Amino acid sequence: MNTPMKIHPKKLLMIIAEAALERQLVADVKRLGANGYTVIDVRGGGARGDRGADWDADRSIQMEVICDDAVATRIAEHVYSSYFENYAVTVCVTDVGVLRQEKF
Amino acid sequence: MNTPMKIHPKKLLMIIAEAALERQLVADVKRLGANGYTVIDVRGGGARGDRGADWDADRSIQMEVICDDAVATRIAEHVYSSYFENYAVTVCVTDVGVLRQEKF
Amino acid sequence: MNTPMKIHPKKLLMIIAEAALERQLVADVKRLGANGYTVIDVRGGGARGDRGADWDADRSIQMEVICDDAVATRIAEHVYSSYFENYAVTVCVTDVGVLRQEKF
Amino acid sequence: MDPVVYFFVLGFVARLLRSDLKLPGVLYESLTIYLLLAIGIKGGVELASHVYGAIAIQALIVVAMGAALPLIAFPLLRYIGRFDTHNAGAIAAHYGSVSVVTFAVGVAYLAKRGVEYESYMPLFVALLEAPGIIVGVILGRMSERGREMNWAALMREILLGKSIVLLLGGLAIGWLAGPAAIAPVKLFFFDLFKGALCLFLLEMGLIVASRIGDLRKAGIFLTGFGVLMPLLAGSAGALVGTLMGLSVGGTTLLATLAASASYIAAPAAVRIALPQANPGLSLAAALGITFPFNITLGISLYHAIAQFLHA
Amino acid sequence: MDPVVYFFVLGFVARLLRSDLKLPGVLYESLTIYLLLAIGIKGGVELASHVYGAIAIQALIVVAMGAALPLIAFPLLRYIGRFDTHNAGAIAAHYGSVSVVTFAVGVAYLAKRGVEYESYMPLFVALLEAPGIIVGVILGRMSERGREMNWAALMREILLGKSIVLLLGGLAIGWLAGPAAIAPVKLFFFDLFKGALCLFLLEMGLIVASRIGDLRKAGIFLTGFGVLMPLLAGSAGALVGTLMGLSVGGTTLLATLAASASYIAAPAAVRIALPQANPGLSLAAALGITFPFNITLGISLYHAIAQFLHA
Amino acid sequence: MDPVVYFFVLGFVARLLRSDLKLPGVLYESLTIYLLLAIGIKGGVELASHVYGAIAIQALIVVAMGAALPLIAFPLLRYIGRFDTHNAGAIAAHYGSVSVVTFAVGVAYLAKRGVEYESYMPLFVALLEAPGIIVGVILGRMSERGREMNWAALMREILLGKSIVLLLGGLAIGWLAGPAAIAPVKLFFFDLFKGALCLFLLEMGLIVASRIGDLRKAGIFLTGFGVLMPLLAGSAGALVGTLMGLSVGGTTLLATLAASASYIAAPAAVRIALPQANPGLSLAAALGITFPFNITLGISLYHAIAQFLHA
Ligand SMILES: Nc1ncnc2c1ncn2[C@@H]1O[C@H](COP(=O)(O)O)[C@@H](O)[C@H]1O
Ligand SMILES: Nc1ncnc2c1ncn2[C@@H]1O[C@H](COP(=O)(O)O)[C@@H](O)[C@H]1O
Ligand SMILES: Nc1ncnc2c1ncn2[C@@H]1O[C@H](COP(=O)(O)O)[C@@H](O)[C@H]1O
Ligand code: NA
Ligand code: NA
Ligand code: NA
């Protein structure tokens, strides 16, 4: 494997949300076209106060989804319109490169 | 919510540090203008040896802060000048896009 | 420390992989030129099914490596050629800026 | 006061003083699972030796009581407290359901005083988890004719939440296995119970103290509600228990259950079913006021009421 | 059925019904460590009072049996099941090794019936962990002449995996300390054992139910293999145990060990040594079929076989 | 040697052999909390039945001893070891404070030999946590006239660290509740203590072995210091204990406390208060040398010294 592989541009979508939304978010991102997702347990704080992850109601997750631009936009808009108003949710998106573009 | 939302450019600051600094770092980023932060428990290794997170003195955290350029620079420089010399700390910053720019 | 510090461009390599690979990956990234690494316990799902992190065989990690372009490519290609076929592995790379370039 | 309460106080004071004492979230989760399972098993073992017909009728009455409690709470919250429908429904759902740990402290209270109670009470704990939440959510969604609710999903969320699964699962295991087969795990599930409860209460103290800010925001009305509602519900529970033929001890526990507000099952279900409600309000009242009130003063009050009604 | 099995069923049903019940991964890890250590210590304490010469010969026979089991499994998988070499070797490695929890359920089964057994059996558990994995891996790599294998690394991976370290470490501690010195930790390591086993089985039920999809993919052959292989291996184990002079109880446990398939040590080692093998297949069979089969029906069958052979 | 020490050895050897055995960090945290709380409660229950005046005077002497210990360590480190002020102060702070687990091993040692001791010793554990750290930090910061130190914050960090909060909290609970009310949690907090200590020591063995590299870097002087300092401090402690009127057992435990070096409270506080100090040095000495030395040889030496002084 000596010829350098091509790097394909994709998006990495990061969603930080209340843990209560995990199940729904997994279903959402699959339905909206993502081929995979990664979830991390996190704690934090923001406009809606501190979330120290001490107990159930206080737990947060960070979901990461590598996908193409259209899917990222679709998911971000869905999260925005469905959850932003009532839940502690933060979304951002960044450019990444991947080796196997057919995977995402 | 059918018209595509505008993506605003922001920075994502990542600080990897000894867990002993968590309290101070949270206070620091708030004071220096961040509206929120996310913390993850991590392990790792670098110039200052392996930190396997087996026990208190060995634990590390990764703090993520979405903010504008000026705040990111301010925090990075503060972390750099206050902790870099004596603590196991790593900082990097990346470009991200967000949907609600007033939030950050 | 009042003069703004220069931000140097680097790469952030993210490897999401089965936890069984952690030891090998740590050895790999060190051997291929990384000066440090960070590891996070994650769960997720992708082409190779859901990995809920409920128990040993189901655990995943996310490894983050800040390094220069050449090292990132080298590691990505090594991970790709060594593990991609037989393990649940995802790799992506993004641009980051760092304050102390000699560190990475 | 039972010494288990001291652990709550220790956690509370430690956090107020800004100590770095913190129980790992996973320990809290593990203790929750253990306590729910243990309460269930204990109830199940006892159930084995009872007349089911009589219990079935009591069970129906208890479920009805659980469904009725939010109907007391909701109007108070909506019309006196002036909360919007969502928040009134959400808080009513918490008070309609029950707190397993308050129940456990009640059991410890009776044990210390040597008061007997119907040993199948854990069955009622399991039965009281759901109805109050369901009624509270219905009340909270009354105003929404436009948006449809996925009721099947909500029911699954509530009925298959870990509280009910572990309580009912434990009951079933205890009942199927019977006292003899459960004996080898008696040490683990029964004798260690109170120690585990101490650790759990330590964590509760830490949590309550770190939510003290929410409480301040919640205002006078909610603070009053957090004391008055358990008194109302506790009296109602004591009445129901007495009429239903429970002993003084059983009546005290039923009153304690009625008076308690849920902070395991309800928050999870309500967060999904009534997203517009501010979870800080329900938790400030349930955790910040009612829980400490019940474990320090409430239970002995309900005991007094039960004694009075049986006199 | 022993009540510990009910906990497995509870977990299984809860997950099938899509309950949100979940045991923290760390609790599972902690329980694994505890169970392995406790089994080891118990065996070590008993070992102290035995004639080592006789046990040494038995130990050799047991190791040989462990190495032989994959030689039964592999041809079945390769030539009847039509799996490729890697997958056949991987599955054979799982069945060549043992399941500590199945062993523990077997011990509970005998204890309930008051059947005596050789108290140093935990030594055999430790001895049976490795040989089957090693032989399975060798079989699975037969086709690969080109790529070299780092055998030293593999051996270290297997022999220094947590299962063997904790079992042997516990054995050594129990043996060195002896019954008197172990007495102060008897409560912790022995009396709480069965309760901890219940929680572990609850988690196993959850895990097995969430892998039910793998099982469907695995197909008819593997499902049949998951029942037939333990019957074959269990009979072989019962025969070896009887010939070796074990009691009925000891024979039952050796048969149970032979019949059981590993899901702690083997998956970790095989994942590294045979990366081409699909771990879903081995685990579907070992966890999804053989484990439930053994703890519900298998053990009593092996007991019957042991009684028959001793009659 | 007490069998609890074998668990340390098992962990140590397993890690040296590069086994993948690892205790979840959360288990370590949970065990720490449990051990601190249990020691506190035990002391508190005993305290209930004592003359406070006498104890108060002893307590003052013990605090003074804790504050004096860094004054022995610092000059050795600074002028013979040639460490800079920060590192000398940091290491002195660790040795001025105490190791709760070493104390627990000491208690197990005495229990095994049937040696009585003053049952309120846990009070001294709590009292000895802080003074040594504070004096060590002051010494370590002597050179810094320019930069100001937030002493109030440091005091809060130390006095409200989890060690002191749990020890004192436990003492208060045990004392307020008294023996009768504590009885229902005796099993959990007292009878399981030694088993939990075993698991903790297993983890300590793993940690110490994985820091063996730091030790090599630390050099000859620090290795020698890690043995000599506990001998010095232990002798001093034995003298103080004898003069203060403690029994042989109590004297042994006070010597053990003086000889032990902290690795829970001190590292956390020193990391913030003396950031320039290299934590690898303090921990290499405290964990890598002194802790194993104390639990294997030290305690019996201090016992011998105590017997000699009482003869
Ligand atoms: N500026 C930010 N940077 C990083 N994470 C954030 C930021 N703002 C919010 N978060 C995360 O998103 C969660 C919800 O944010 P919020 O809705 O603003 O309270 C917080 O608990 C944080 O974990
Ligand atoms: N090149 C790197 N890439 C990713 N993480 C790093 C890197 N270098 C250091 N780290 C993280 O930062 C921590 C402190 O780094 P250091 O101060 O270099 O020992 C390490 O324990 C790692 O978790
Ligand atoms: N598109 C994706 N975005 C984020 N994480 C992913 C994605 N695809 C896969 N992963 C992660 O990588 C692991 C292995 O992926 P796979 O090999 O596709 O099953 C998954 O369990 C996820 O944690
Ligand atoms: Na209620
Ligand atoms: Na087997
Ligand atoms: Na000391």
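Source: prediction; values computed, not measured.
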Is the backbone N or O of A/Val79 less than 3.5 Å from a side-chain atom of A/Ser82, with the two atoms forming a donor-acceptor pair by type?
-> no

Could you tell me which non-hydrogen atom of B/Ala17 sits nearest to which non-hydrogen atom of B/Val89, and how far apart they are?
-> CB-CG2, 4.0 Å

Determine yes or no for a side-chain-to-main-chain donor-acceptor pair under 3.5 angstrom, with A/Asn35 supplying the side chain and A/Phe104 the backbone.
-> yes

What part of B/Thr94 lies closer than 4.5 angstrom to a heavy atom of chain A: side chain, backbone, both or neither?
-> side chain

Answer yes or no: is there a donor N or O on one side and an acceptor on the other, between the side chain of B/Arg43 and the main chain of B/Ala53, under 3.5 Å?
-> no

Any idea which heavy atoms bring B/Ala72 and B/Val93 closest together, and the distance?
-> CB-CG2, 4.3 Å

Closest non-hydrogen atom pair, A/Val91 against A/Ala76 | CG1-CB, 4.1 Å

Going by atom types alone, do B/Tyr83 and B/Asp28 pair a side-chain donor with an acceptor below 3.5 Å?
-> yes

Inspect the contact between B/Asp41 and B/Arg59 and indicate whether a charged nitrogen and a carboxylate oxygen are less than 4.0 angstrom apart.
-> no

How long is the gap from CZ on B/Arg74 to CG on B/Leu13, to the nearest 0.5 Å?
-> 12.0 Å

Which of B/Leu12, B/Val26, B/Ile7, B/Val96 touches chain A most, by non-hydrogen pairs under 4.5 Å | B/Val96

Atom group of B/Lys10 that falls short of 4.5 Å from chain A, counting heavy atoms = neither

Under the side chain to side chain contact (heavy atoms under 4.5 Å, CB included) rule, what do B/Ile15 and B/Ile75 come out as? Steps first, then yes or no, please.
-> CA-CA 10 Å; B/Ile15 307 167; B/Ile75 298 175; 4.1 Å; yes

For A/Arg51, is it the side chain, the backbone, both or neither that has a heavy atom under 4.5 Å from a heavy atom of chain B?
-> neither

Interface check, chain A: of B/Val39, B/Thr38, B/Leu99, B/Val98, most non-hydrogen pairs under 4.5 Å belong to B/Val39

In terms of heavy-atom proximity below 4.5 Å to chain B, should A/Asp50 be classed as side chain, backbone, both, or neither?
-> side chain

Those residues of residues 18-25 of chain A that come under 4.5 Å of chain B on a heavy-atom basis, listed by number, are none

Can you check whether anything in residues 60-68 of chain B gets within less than 4.5 Å of chain A, heavy-atom wise, and list it by number?
-> B/Ile61, B/Glu64, B/Ile66

To the nearest 0.5 Å, how far apart are OH in A/Tyr87 and CZ in A/Arg48?
-> 11.0 Å

